[in-house]
Amino acid sequence: MGRDPYVRRMDLVEVLPNRLHMLRFPIGQAYLWQDDGALTLIDAGNRESADAIEGAVRSLGLRPERLERIVLTHCHRDHVGAAAELAARRGARVLAHRLDAPVIRGERPVPEPVLLDWEVPLYAHGLTVSEAPPTPVDRELEDGDALGFGDGAYVVHAPGHTEGSIGVHLPRHGVLFTGDCVAAVGPVMLGVFNVDRARAIASFRRLAALRPATACFGHGDPLTVDTAAVLAKAVAETPA
Ligand SMILES: [Zn+2]
Ligand SMILES: [Zn+2]
């Protein structure tokens, strides 16, 4: 028994061999990046997922003690979830944009999105995920900040889903993490539940212009084929 039920509630998907894996939860997902055994998480799943994440790390022959940082793409519970517990266990630093940091710390409420009609039931479903605990943020990020992993990973401020939403770009590897600005649940599209749809569309355009070879979304499968073209087409087809 033990932690088996948690493990089964999470899929581990290889995106780039020996570099990048996706950890998929019932709602939401996180990504594990490795640099010679030094580990970075991009997002942290839901509140109950710390054991499952560490189990996934071990199953890859890696050591959870090597978790150095957790980069949060934004303040929502399905992304912040296990960050506090993992950081406390492993001494990892938590990094997030300055504008979402007060929400992640629990000092401010999660901003309410402006929902489109069809988003309303989806949003209610998302709220079935446990609320994230107040989570210390060790470093507040700004657009363009270097993140210290992935041979030059840096922050791309992508506001609109939340004010402090970020993308993470690894130009040397052609990898882009979009957070929830972009989703691939079905076709690649603008993410849902935005506080400011017009700004989210502008952010989507900015992320697509980076023309990554691999795009990793907050929800849905990573894109590894014709990625730049698919993103450009999705931006062009996004209604204002
Ligand atoms: Zn979100
Ligand atoms: Zn999300």
Side-chain angles (χ1 to χ4, degrees), residues 2-12 21-33 39-58 63-113 122-141 147 149 155 158-159 161-166 168 177 179-181 191-195 216-219:
R3 57 169 73 103
D4 195 36
Y6 286 108
V7 173
R8 263 192 266 116
R9 284 169 57 80
M10 191 204 70
D11 294 329
L12 179 62
H21 287 79
M22 177 172 75
L23 289 65
R24 182 162 44 205
F25 307 99
I27 293 178
Q29 49 211 30
Y31 296 89
L32 179 70
W33 180 270
L39 305 178
T40 299
L41 269 180
I42 292 90
D43 290 331
N46 54 58
R47 183 177 188 148
E48 296 84 6
S49 61
D51 285 344
I53 290 172
E54 293 202 341
V57 168
R58 285 195 196 90
R63 294 167 51 214
E65 308 90 279
R66 297 293 308 278
L67 180 62
E68 295 190 350
R69 66 187 69 71
I70 303 168
V71 182
L72 298 176
T73 61
H74 64 293
C75 62
H76 286 159
R77 58 180 69 182
D78 51 322
H79 299 256
V80 175
E85 187 169 344
L86 290 169
R89 286 184 190 181
R90 303 301 174 188
R93 283 159 57 82
V94 176
L95 291 70
H97 192 274
R98 173 177 58 84
L99 294 173
D100 273 21
V103 182
I104 292 164
R105 292 191 184 106
E107 298 162 0
R108 276 200 222 145
V110 177
E112 287 293 326
L122 269 182
Y123 188 67
H125 180 59
L127 294 179
T128 61
V129 175
S130 308
E131 213 172 316
T135 299
V137 176
D138 301 295
R139 184 179 158 204
E140 297 193 1
L141 301 170
L147 291 165
F149 76 98
V155 174
H161 181 68
T162 63
E163 284 298 314
S165 283
I166 59 169
V168 175
F177 300 94
D180 279 358
C181 181
V192 295
F193 317 149
N194 298 304
V195 297
C216 296
F217 310 108
H219 300 265

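All values reported here derive from a predicted model rather than from experimental measurement.
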Just by distance, do the side chain of D11 and the backbone of R24 share a donor-acceptor pair under 3.5 Å?
no
Nearest-0.5 Å distance that lies between atom CZ in R47 and atom CD in E131:
8.0 Å
May I have the step-by-step check of side chain to side chain contact (heavy atoms under 4.5 Å, CB included) for L67 and R89, ending in yes or no?
CA-CA 10 Å; L67 180 62; R89 286 184 190 181; over 6 Å; no
Minimum-distance pair of heavy atoms, taken over all atoms of A96 and I104
CB-CD1, 3.5 Å
Can you tell me how far the CD atom of E85 sits from the CD atom of E54, to the nearest 0.5 Å?
8.0 Å
Take atom CD of E65 as the centre, draw a 6.0 Å sphere, and report whether it contains more than 12 heavy atoms from other residues, nucleotides or ligands.
yes
If you round to the nearest 0.5 Å, how far is CD1 of I42 from CZ of R69?
9.0 Å
Could you work out, with side-chain contact (heavy atoms from CB on, under 4.5 Å) as the rule, every residue matching R139, not counting sequence neighbours?
R93, L95, L141, D145
If only atom types and distance count, is the side chain of R58 paired as donor or acceptor with the main-chain N or O of P64 below 3.5 Å?
no
Output, in order, the C-alpha distance, side-chain angles, deciding distance and verdict of side chain to side chain contact (heavy atoms under 4.5 Å, CB included) for I70 and L86.
CA-CA 9 Å; I70 303 168; L86 290 169; 3.9 Å; yes
Nearest heavy-atom neighbours spanning A83 and L72:
CB-CD2, 4.2 Å
From F217 CZ over to M22 CE, what is the distance, rounded to the nearest 0.5 angstrom?
10.5 Å
Using modelled atom types only, decide if a donor and an acceptor are shared between the side chain of D138 and the backbone of V94 within a distance under 3.5 Å.
yes
Could you go step by step and tell me if H219 and D78 meet the side chain to side chain contact (heavy atoms under 4.5 Å, CB included) rule?
CA-CA 10 Å; H219 300 265; D78 51 322; 3.0 Å; yes
If you look at every heavy atom in A44 and A30, which pair is closest and at what distance?
N-CB, 4.0 Å
Output the distance between atom CD1 (I53) and atom CZ (R90), rounded to the nearest 0.5 Å.
12.0 Å
Side-chain contact, heavy-atom cut-off 4.5 Å: T73 with D180?
no
Tell me the closest heavy-atom pair linking R77 and A132, and the distance in Å.
CB-N, 3.8 Å
Minimum heavy-atom distance between L23 and A56, given as atom pair plus value:
CD2-CB, 4.2 Å
E48 side chain near S130 side chain, heavy-atom distance below 4.5 Å
yes
State whether the side chain of Y31 and the backbone N or O of T40 hold a donor-acceptor pair below 3.5 Å, judged by distance alone.
no
From the list Q29, H76, H79, side chain to side chain donor-acceptor pair (under 3.5 Å) partner of D43 resolves to H79
Distance in Å, C75 SG paired with H161 NE2, rounded so as to fall on 0.5 Å steps
7.5 Å
Does the side chain to side chain contact (heavy atoms under 4.5 Å, CB included) test come out yes or no for F149 and E68, once each step is laid out?
CA-CA 9 Å; F149 76 98; E68 295 190 350; over 6 Å; no
Nearest heavy-atom pair of N46 and F25: which atoms, and what distance?
ND2-CB, 3.8 Å
Side chains of P111 and V103 in contact at under 4.5 Å (non-hydrogen atoms):
yes
